[in-house]
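In what follows, a structure is listed as structure tokens, so that the remarks can point back to it.
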Amino acid sequence: MKLSLCLVFVGLIALALSKQVKYDNYKVFRITPQTEEERKVLLDLEENNPGVVFWKHVRQVGLPVDIMVPPHLLPMMEEGVKGRVLNMQEMVDDVQSLINAEAQSSLNAAPRLSWDAYYPVNEIYQFLDDTAAAHSAIATTGSFGNSFENRPLRFIRLNKGNTAKPIIFIDANIHAREWITNTIATWITKELLEGEAQGWLDTFNFVIVPVMNPDGYEYSRTTDRMWRKTRSNYGGGTCRGADPNRNFRFGWNTGGSSNQPCSDTYMGVSALSEPETAAAAAFLDTIASETIFYLSLHSYSQLILIPYGTDLGRVPDHAQHMDIGNAAATAIARRYGTRFTPGNIVELLYVASGASVDHMKGIYDTDLAYTFEMRDTGRYGFVLPADQITPSCLEFMDGLNVILERLATKYAK
Ligand code: 0X9
Ligand code: ZN
């Protein structure tokens, strides 16, 4: 009996391991198209080779595109692409070795949340509860709904003195594989309650959602490190999930999103089809009139993106966004020299409709709305080593402080 139990146990472990998507010998190439013709080669590659995964999508001529290529398609890259583009360099030699190193570092992690490892969603939620319990006069936690797989969608609200103040709203980990973003969200929470940033609680209230897409995040931890979307299956076919940042209502399905359920930028069957975005939109609706700054945390590329991501282009107060964005970038660079670039989404990246920031700016005219693309610029991409978490948080906080200074001048009573 004991032996058979043991065999079942070993079998379960083997099953769990075998379920994991492996990226052995997958490489990441950076191609910077020099001409419209080269750009077309990349667009064609994206359309006709479902096996290659674009970590960074095709943009304008002169801007880099990062492409993850499985080993069986390496000859195709060599023969079909390399000769047709001038500028192709290898960024990652073996994606799986980055994932292994990351997994190794989490084996040594402290049992409770710290900023030297990436943690499961339950541990992040535990941090919210512990923090709220330790600061019960200021902080409360709650959930604004449930995910497709029934995980709570949790937030922490910071309201000192229980008074109405302008709200700063922060969303993180809308995209599953962008792990660095939840660490920034929890760091901000800690700094506002226990660090040098405490003073901001006299001027602003904060609502922070560290994991907007908990199903996707857990799936990227347990099964496929490169997962981006939710885990729903409304499309009906074999492919799961929609891109939650293509699923918000404002400008939904107006470009830069796909109607194919297997695409990484699948818009979903309808606007707000995903329980995560529907719940977030309903929650935001209740506090949007008080929200003056909406911050959506993503990775990677070190950009400070200004709406709109649609053909509406620049927002009327683009100059204010550039001005504050530049001030934040300067502050961030001061610590370690990390360079962030501000600019309109379409100008710096691509058309992308249905994002949370566009929803806030477009429907509620939120004063300030940024998408921050965190570290790095492609050496590790989404698999940012855990020893970069604390430096990322420290430098980001420098930038956030400058943004809040600017807002305080405007909003302080
Ligand atoms: O494409 C996205 O959703 C974001 N980039 S990412 O590499 N993290 O996927 C940028 C979102 C920009 N915002 C708008 N589309 N409005
Ligand atoms: Zn993202």
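We use all heavy atoms of the structure for the numbers below, so side chains are in, but hydrogens, waters and symmetry mates are not. Whatever order the structure lists them in is the order used to number ligands and atoms, beginning at 1.
- Every atom of ligand 1 is numbered from 1 in the order shown, and the set under 4.0 Å from a heavy atom of Ala355 is 13 (N), 14 (C), 15 (N), 16 (N).
- The atom of His298 nearest to the Zn ion (ligand 2) is ND1, with the search restricted to N, O or S atoms.
- The cationic group of Arg231 does not satisfy the cation-pi geometry with Phe148, failing either the under 6.0 Å distance to the six-membered ring centre or the 45° limit from the ring axis.
- The protein atom (non-hydrogen) at minimum distance from atom 10 (C) of ligand 1 is Glu373 OE2, 3.4 Å.
- Using a 4.0 Å cut-off between a side-chain N of Lys or Arg and a carboxylate O of Asp or Glu, Lys27 and Asp93 qualify as a salt bridge.
- Using cut-offs of 30° and 60° on the angle between ring planes, the pair Phe372 and Phe340 is tilted.
- The Zn ion (ligand 2) has an N, O or S atom of Glu178 under 2.8 Å away, backbone or side chain.
- Listed by atom number, the atoms of ligand 1 under 4.0 Å from Glu178 heavy atoms are 6 (S), 8 (N), 9 (O).
- Heavy atoms of Tyr300 come nearer than 4.0 angstrom to ligand 1 in no pair at all.
- Looking only at N/O/S atoms, His175 comes nearest to the Zn ion (ligand 2) through ND1.
- Neither the backbone nor the side chain of Ser296 comes within 4.0 Å of ligand 1, counting heavy atoms alone.
- For the 3.5 Å distance criterion, the side chains of Trp187 and Thr390 fail to qualify, holding no donor opposite an acceptor.
- Side-chain atoms of Asp171 and Ser296 form a donor-acceptor pair, as typed in the model, at a separation below 3.5 Å.
- By the 4.0 Å N-to-carboxylate-O rule, Arg314 lies close enough to Glu347 to be salt-bridged with it.
- Taking the side chain as every heavy atom from C-beta outward, Leu407 and Ile168 approach each other to under 4.5 Å.
- When all heavy atoms of Glu373 and Ser299 are compared, the pair lying nearest together is OE1-C, 3.2 Å.
- Here is the list of ligand 1 atoms found below 4.0 Å of a heavy atom in Asp358: 16 (N).
- Geometrically, Arg225 engages Trp179 in a cation-pi contact, judged by NZ or CZ lying under 6.0 Å from the ring centre and within 45° of the ring axis.
- Atom NE2 in His57 sits 5.5 Å away from atom OG1 in Thr265 (nearest 0.5 Å).
- Close approach to Gly309 involves these atoms of ligand 1, each under 4.0 Å from a residue heavy atom: 16 (N).
- Closest to atom 13 (N) of ligand 1, if we only count protein heavy atoms, is Ile345 CD1, 3.2 Å.
- Taking a 4.0 Å cut-off on heavy atoms, Ser353 fails to register as neighbouring ligand 1.
- In terms of protein heavy atoms, atom 3 (O) of ligand 1 is closest to Arg246 NH1, 2.8 Å.
- Considering only non-hydrogen protein atoms, atom 11 (C) of ligand 1 sits nearest to Asn245 ND2, 3.5 Å.
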Exercise for review: Could you walk me through whether Asp398 and Arg335 pass salt bridge (charged side-chain N to carboxylate O under 4.0 Å, His left out), step by step?
Suggested key: CA-CA 8 Å; Asp398 295 339; Arg335 192 178 280 265; 2.8 Å; yes
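- Here the heavy atom of the protein found nearest to atom 15 (N) of ligand 1 is Ala352 O, 2.8 Å.
- Contact analysis puts Arg228 in contact with ligand 1, with a non-hydrogen atom separation below 4.0 angstrom.
- The closest approach between a heavy atom of Lys56 and any atom of ligand 1 is not below 4.0 Å.
- For ligand 1, the atoms closer than 4.0 angstrom to any heavy atom of His298 are 8 (N).
- Residue contact check: Tyr350 has heavy atoms under 4.0 Å from atoms 1 (O), 2 (C), 4 (C), 5 (N), 6 (S), 7 (O), 9 (O) of ligand 1.
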**Study point:** Audit row: Arg249, Asp358, salt bridge (charged side-chain N to carboxylate O under 4.0 Å, His left out) steps and yes/no
**Key:** CA-CA 9 Å; Arg249 181 158 59 83; Asp358 284 9; over 6 Å; no
